[in-house]
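Scroll down for the structure; my scribbles are underneath it.
Start at 1 and go down the list; that is how both ligands and their atoms are numbered. Throughout, residue positions are numbered sequentially from 1 according to the sequence presented.
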Amino acid sequence: MACIMVMVNVNHHLGDRIELKGKVAPDAERFAVSLGQTSLDLALYFNPRFESEGDAGIIVCNLMKGGVWEEEQREPCFPFQKGQDAKMSFCFDGQQLRVTMQEDQELTFPNRLGLETISFFSVEGDIKVTSFEFK
Ligand code: GAL
């Protein structure tokens with residue numbers, strides 16, 4: 001997947017929120033948003049798959065430790081559409097990461113790396129970022 005945006009030294013603390021808006025490509029297969037310590041230590045990899053790796057209309061969440069994927073959490077809710085606007089916010093409360101999608105849908109993922117701050121953030125794949133805010 002092509003990388004759209006990478007931020008390092010982010011310094012996102014407990015209780016902070018990252019709000020991301022974008023436009024999904026009309027022929028999108030997948031995109032992914034990652035939050036962690038480095039590109040190899042991800043507390044949350046959030047990967048909506050429109051049609052990719054044999055999946056269709058599912059969100060795959062995972063963490064990566066030292067460059068190695070761990071067990072996936074697969075979410076059947078899928079509020080994204082090809083060619084449409086997408087809005088996500090990522091909130092980190094220490095115990096878990098909470099993702100709000102398109103205002104009213106939510107998923108949580110446990111902070112299995114035990115991170116206290118998020119210093120790495122990236123967006124990759126078939127989405128164009130239109131707005132990004134720390135709140
Ligand atoms: C793999 C895929 C990776 C990543 C990972 C998440 O199958 O090749 O790009 O999505 O799943 O668990």
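Taking the six-membered ring where tryptophan is involved, the planes of F31 and F50 are tilted, since the angle between them lies from 30° to 60°.
Near ligand 1, R30, Y45, N47, R49, E53, N62, W69, E72 each place a heavy atom less than 4.0 angstrom from the ligand.
Taking the ring pair (Phe, Tyr, Trp, His ring centres under 6.0 Å) definition, one finds that F132 meets it with F121, F134, sequence neighbours left out. Residues passing the side chain to side chain donor-acceptor pair (under 3.5 Å) test with Q95, sequence neighbours excluded: none.
D85 pairs with exactly one of K21, K23, K128 by the salt bridge (Lys or Arg N to Asp or Glu O under 4.0 Å) rule, that one being K23.
Other cluster members for M64: M1, V6, V8, L42, Y45, W69, F120, joined by side-chain heavy-atom distances under 4.5 Å among Ile, Leu, Val, Met, Phe, Trp and Tyr.
Side-chain atoms of E75 and Q73 include a donor-acceptor pair closer than 3.5 Å.
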